[in-house]
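None of these values were measured; they are calculated from a predicted model.
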Amino acid sequence: MRKEELTIFLVIISLVIIIFFTSAIIYIYQIRKKKLQHILEKKSLQENHAQQLLSTQLESQQWAMQFIGREIHDSVGQKLTLASLYNKQLAGILPLNFNDRMNAIGSIIDESLTELRQLSKTLTNPELINANLLSLLQEEAGRINAFGFCKVTITHTEASFELTTEQKYTLFRLLQEFMQNSLKHAHCKKITIDLQTSENTLYIKATDDGNGFDMAETSNGIGLQNMKTRAAQLMGQYQLTSKQGEGTMLTLVIQKI
């Protein structure tokens, strides 16, 4: 074989090898691309399913709470009202030495009726749908601050962050659980919740100055599991850290849907 023919042959072999490897690389790339696309589509379907499931659960919970609220108002509330009226009538016809007792009974009935009406209003109130997350948190903070045992502070950026009703409800209940746990178990004097927004992301940091706890021993508590479950429903990043004597810190990263 002449030198020119050998050169041409080697060039052709080289081109064939280059084309083969190039084709193989392109084929592998396409396979991986399709596989990645399939994973992303599957993840998107799972997220949509989780969101639909959460929406259905919240609708069911809301219907149940409204039903219970109406029943409390229409049934138990009416009976207590009737009992209060009977008590007042009896107080007017019984001997004077019974008046104090009847008045005491009347006061108990009236207090129970007031509390029952407040509970009914809370269950049937569409506030969770109409109010934004910041307003709900500020109202909850106001209720806690009114007792004077603990100071709750809500800080936030000026930028607004739109949440779906499902996200808002779940996030509010999660942070409400954090505050209640801090009050009941940590005996804290200060709770701070900070809301920061950046484009389509909401960053939340909640801290308390309470007793703290050993994560290895109490990580399976119902309250902590509830928070973790709600964070999973939100498909957000969740981290809870605590040490005995050093308080507790909760961080959340929520993406706008």
Side-chain angles (χ1 to χ4, degrees), residues 50-51 54-55 57-59 61-62 65 119 122-123 125-198 200-213 215 218-243 246-257:
Q51 190 65 29
L54 175 60
S55 179
Q57 289 174 341
L58 291 177
E59 288 176 2
Q61 289 175 6
Q62 185 182 354
M65 287 191 298
L119 176 60
T122 299
L123 291 171
N125 196 348
E127 186 182 53
L128 278 174
I129 297 176
N130 299 327
N132 58 42
L133 176 64
L134 180 60
S135 298
L136 292 172
L137 289 174
Q138 288 174 335
E139 185 174 348
E140 183 72 10
R143 283 194 286 265
I144 295 173
N145 292 339
F147 288 101
F149 299 115
C150 178
K151 174 67 175 178
V152 180
T153 303
I154 311 294
T155 60
H156 62 95
T157 57
E158 294 299 327
S160 61
F161 186 84
E162 296 297 328
L163 294 165
T164 65
T165 301
E166 292 81 10
Q167 284 180 311
K168 178 181 64 178
Y169 177 89
T170 305
L171 193 50
F172 172 66
R173 291 303 186 200
L174 192 160
L175 293 172
Q176 190 180 47
E177 184 80 43
F178 176 85
M179 287 186 278
Q180 291 300 321
N181 287 342
S182 296
L183 291 170
K184 289 188 294 184
H185 305 298
H187 307 292
C188 60
K189 299 297 182 183
K190 182 180 179 181
I191 298 173
T192 301
I193 297 177
D194 182 58
L195 310 175
Q196 301 290 329
T197 58
S198 175
N200 292 331
T201 307
L202 176 62
Y203 302 92
I204 301 173
K205 183 170 74 172
T207 60
D208 71 44
D209 63 349
N211 299 332
F213 59 92
M215 296 284 293
T218 57
S219 60
N220 293 324
I222 295 176
L224 299 182
Q225 286 298 322
N226 284 342
M227 289 195 294
K228 193 172 183 179
T229 298
R230 288 190 170 105
Q233 291 173 339
L234 289 165
M235 291 171 286
Q237 299 177 32
Y238 167 92
Q239 184 178 18
L240 185 72
T241 58
S242 183
K243 289 184 179 180
E246 297 183 14
T248 302
M249 181 172 69
L250 167 70
T251 56
L252 293 165
V253 180
I254 308 298
Q255 299 292 332
K256 182 178 179 182
I257 295 179

Quick check against the 3.5 Å criterion: does T248 have a side-chain atom that pairs as donor or acceptor with the backbone of G212? no
Taking the side chain as everything from C-beta on, heavy atoms only, tell me whether K168 gets closer than 4.5 Å to L136. yes
Who passes side-chain hydrogen bond (donor to acceptor under 3.5 Å, both in side chains) against E177, sequence neighbours left out? none
Side chain to side chain contact (heavy atoms under 4.5 Å, CB included) between M179 and I193, intermediate numbers included: CA-CA 9 Å; M179 287 186 278; I193 297 177; 3.9 Å; yes
Find the distance between CD1 (I191) and CD (Q180) and round it off to the nearest 0.5 Å. 8.5 Å
Do you know the tightest heavy-atom contact between I254 and G236? CD1-CA, 3.9 Å
Heavy-atom nearest pair, T170 first then Q233, reads CG2-OE1, 3.7 Å
Please check if the side chain of T157 supplies one atom and the backbone of Q196 the other of a donor-acceptor pair under 3.5 Å. no
Under 3.5 Å, is there a donor-acceptor pair linking the side chains of R173 and Q176? yes
Kindly give the heavy-atom pair with the smallest separation between M227 and L240, and that separation in Å. CE-CD2, 4.3 Å
Would you sort out whether L234 and L252 count as a side chain to side chain contact (heavy atoms under 4.5 Å, CB included), showing the intermediate values? CA-CA 10 Å; L234 289 165; L252 293 165; 5.8 Å; no
So, taking the atom named OG1 in T155 and the one named CG in L134, what distance separates them when rounded to the nearest 0.5 Å? 9.5 Å
Gap separating the CZ atom of F178 from the CG atom of L183, nearest 0.5 angstrom: 10.0 Å
Mind checking the CG-CD1 spacing from D194 to I204? Nearest 0.5 Å is all I need. 9.5 Å
Shortest non-hydrogen pair, L133 vs L171, comes out as CD2-CD2, 3.5 Å
In short, S242 meets F213 closest at the heavy-atom pair OG-N, 3.0 Å
Specify the closest pair of heavy atoms between T201 and Q255, including all atoms of both residues, with the distance to one decimal. OG1-OE1, 3.1 Å
Under the side chain to side chain donor-acceptor pair (under 3.5 Å) definition, can you give me all pairs with a residue in residues 202-213, not counting sequence neighbours? S182-D208
Tell me every residue that passes side-chain contact (heavy atoms from CB on, under 4.5 Å) with E246, counting only those two or more places apart in sequence or in another chain. K243
So, do L250 and L175 sit near enough that their side-chain heavy atoms are less than 4.5 Å apart? yes
Would you mind reporting whether Y238 and R230 have side-chain heavy atoms less than 4.5 Å apart? no
